[in-house]
*Asks:* 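Below you'll find the structure I mean.
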Amino acid sequence: MAQMRQQNVQRRRRAWVWPRPQNWFKNLLASPALNFLWTEHLRVTRESFEYLCDLVRVNLQKQHTRFRVPVSVEERVALALWPLVTGNSYRSCGLQFGLGKSTAKIICSEFEQAVFDLKDCFITFPLTNEEIGEKIEEFEELYGISQIVRAFDGCHIEINAPPQNHEDYFHRKQHYSINLQAIVDAKLKFIHATVGYPGSIHDARV
């Protein structure tokens, strides 16, 4: 019996949540006087940030429970933007917002999925003759170049060597990568994107 009681004590949760006090984002959110810091820290204006929060609120809002107050949608979106802006790890991003590594990873994944589900509402390729004509007119009006519908470019995202067919991912800059290609219209709005081709694939083929 004594041994069983000791095992139960060992299994008991040592803490419901570890204290990680970080109030910088709450201060930023609460103070209009700090609006100039939004673009510097999160690469979006406060207005764009609030618009983004409203877009994903239904998917990210969590219920209050008697055990704890949930992380707000605003904090979730800011935390999810942080690794995209800085390239930092989930551990360091979590510490910036007073959260643990696993919580930060879950929040980032949920945000990415919520945004991905909305992609067809914002990223649309011109298909009809009318849409194509409008894109051509925009390019000619803004840049003086005729018969241009869109501009595209690609980049290589560096990765570790995959366990299988790793030679397919080794490209001319002497590291492993996957291809990312994006297409924009005259107003620099994304109208198509593709990612995942092995790094050795030529840009023209992608």
*Asks:* Take atom CD of Glu130 as the centre, draw a 6.0 Å sphere, and report whether it contains more than 12 heavy atoms from other residues, nucleotides or ligands.
*Replies:* no
*Asks:* As a quick check of understanding, evaluate salt bridge (charged side-chain N to carboxylate O under 4.0 Å, His left out) for Glu110 and Lys105, giving each step before the final call.
*Replies:* CA-CA 9 Å; Glu110 290 178 345; Lys105 184 175 182 179; over 6 Å; no
*Asks:* Rounded to the nearest 0.5 Å, what separation is found between the CG atom of Leu81 and the SG atom of Cys108?
*Replies:* 9.0 Å
*Asks:* So which atom in Ser31 and which in Arg46 form the shortest heavy-atom distance, rounded to 0.1 Å?
*Replies:* O-NH1, 4.0 Å
*Asks:* Atom CD in Gln61, atom OG in Ser72: separation rounded to 0.5 Å?
*Replies:* 8.0 Å
*Asks:* Are any side-chain N or O atoms of Ser92 and backbone N or O atoms of Ser89, one a donor and one an acceptor, separated by less than 3.5 Å?
*Replies:* yes
*Asks:* Could you tell me whether the side chain of Asn88 and the main chain of Pro83 form a donor-acceptor pair under 3.5 Å?
*Replies:* no
*Asks:* Taking C-beta and beyond as the side chain, do Ile136 and Gln147 meet within less than 4.5 Å on heavy atoms?
*Replies:* yes
*Asks:* Do the side chains of Arg57 and Glu74 get close enough for a salt bridge, i.e. N-O under 4.0 angstrom?
*Replies:* yes
*Asks:* For residues Val71 and Tyr90: do they belong to one hydrophobic cluster (side chain heavy atoms under 4.5 Å, members Ile, Leu, Val, Met, Phe, Trp, Tyr)?
*Replies:* no
*Asks:* Determine the minimum heavy-atom distance between Trp82 and Cys93, stating which atoms define it.
*Replies:* CD1-SG, 3.5 Å
*Asks:* Is there a path of hydrophobic side-chain contacts, each under 4.5 Å between heavy atoms of I, L, V, M, F, W or Y residues, that connects Phe97 with Val85?
*Replies:* no
*Asks:* For His156, does its backbone N or O pair with a side-chain atom of Ser177 as donor and acceptor, under 3.5 Å?
*Replies:* no
*Asks:* Calculate, to the nearest 0.5 Å, the distance between atoms CG and OH belonging to Leu180 and Tyr197 respectively.
*Replies:* 13.0 Å
*Asks:* Compare all side-chain heavy atoms of Leu79 with those of Leu99 and state whether any distance is below 4.5 angstrom.
*Replies:* yes
*Asks:* Measuring only between side-chain heavy atoms, which start at C-beta, is His64 closer than 4.5 Å to Val69?
*Replies:* yes
*Asks:* Indicate, with yes or no, if Val184 and Ile132 share a hydrophobic cluster defined by side-chain heavy-atom contacts under 4.5 Å among Ile, Leu, Val, Met, Phe, Trp and Tyr.
*Replies:* no
*Asks:* If the plane angle is over 60° it's perpendicular, under 30° parallel, otherwise tilted; pick one for Tyr176 and His166.
*Replies:* perpendicular
*Asks:* Measuring from Trp24:CH2 to Asn27:CG, what's the distance to the nearest 0.5 Å?
*Replies:* 10.0 Å
*Asks:* Less than 4.5 Å apart, side chain to side chain, heavy atoms only: is that true for Asn165 and Asp168?
*Replies:* yes
*Asks:* Mark yes when over 12 heavy atoms from residues, nucleotides or ligands other than Glu47 sit less than 6.0 Å from its CD; otherwise mark no.
*Replies:* yes
*Asks:* Can you tell me how far apart CG (Leu142) and CD (Glu137) are? Round to the nearest 0.5 Å.
*Replies:* 11.5 Å
*Asks:* Between Arg150 and Asp185, does at least one N-O distance fall below 4.0 Å, as a salt bridge requires?
*Replies:* no
*Asks:* State, to 0.1 Å, how close Leu28 and Leu34 come at their nearest heavy-atom pair, and which atoms those are.
*Replies:* CD1-O, 3.4 Å
*Asks:* Do the non-hydrogen side-chain atoms of Val77 and Val56 ever get within less than 4.5 Å of each other?
*Replies:* yes
*Asks:* Within the 4.5 Å heavy-atom criterion, are Leu127 and Glu131 side-chain neighbours or not?
*Replies:* yes
*Asks:* Leu55 and Leu29: same hydrophobic cluster, using ILVMFWY side-chain contacts below 4.5 Å?
*Replies:* yes
*Asks:* With a 4.5 Å heavy-atom cut-off, do Val195 and Asn179 have their side chains touching?
*Replies:* no
*Asks:* Look at atom NZ of Lys189 and say whether more than 12 heavy atoms of other residues, nucleotides or ligands are closer to it than 6.0 Å.
*Replies:* no
*Asks:* For Arg43 versus Glu40, what's the shortest heavy-atom pair and its separation?
*Replies:* NH1-O, 2.7 Å
*Asks:* Tell me which pairs pass ring pair (Phe, Tyr, Trp, His ring centres under 6.0 Å) where either residue lies in residues 119-153, with sequence neighbours left out.
*Replies:* Phe139-Tyr143
*Asks:* Any idea which heavy atoms bring Pro162 and Tyr169 closest together, and the distance?
*Replies:* CG-CD1, 3.6 Å
*Asks:* Under the side chain to side chain contact (heavy atoms under 4.5 Å, CB included) criterion, do Arg76 and Phe111 qualify, and how do the steps go?
*Replies:* CA-CA 8 Å; Arg76 290 172 182 272; Phe111 171 79; over 6 Å; no
*Asks:* Any link between Val149 and Ile183 through a network of hydrophobic side chains (Ile, Leu, Val, Met, Phe, Trp, Tyr) touching at under 4.5 Å?
*Replies:* no
*Asks:* In Å, rounded to the nearest 0.5 Å, how long is the span from NZ of Lys101 to CD1 of Ile106?
*Replies:* 12.0 Å
*Asks:* Side chains of Gln96 and His41, heavy atoms from C-beta outward: is any pair under 4.5 Å?
*Replies:* no
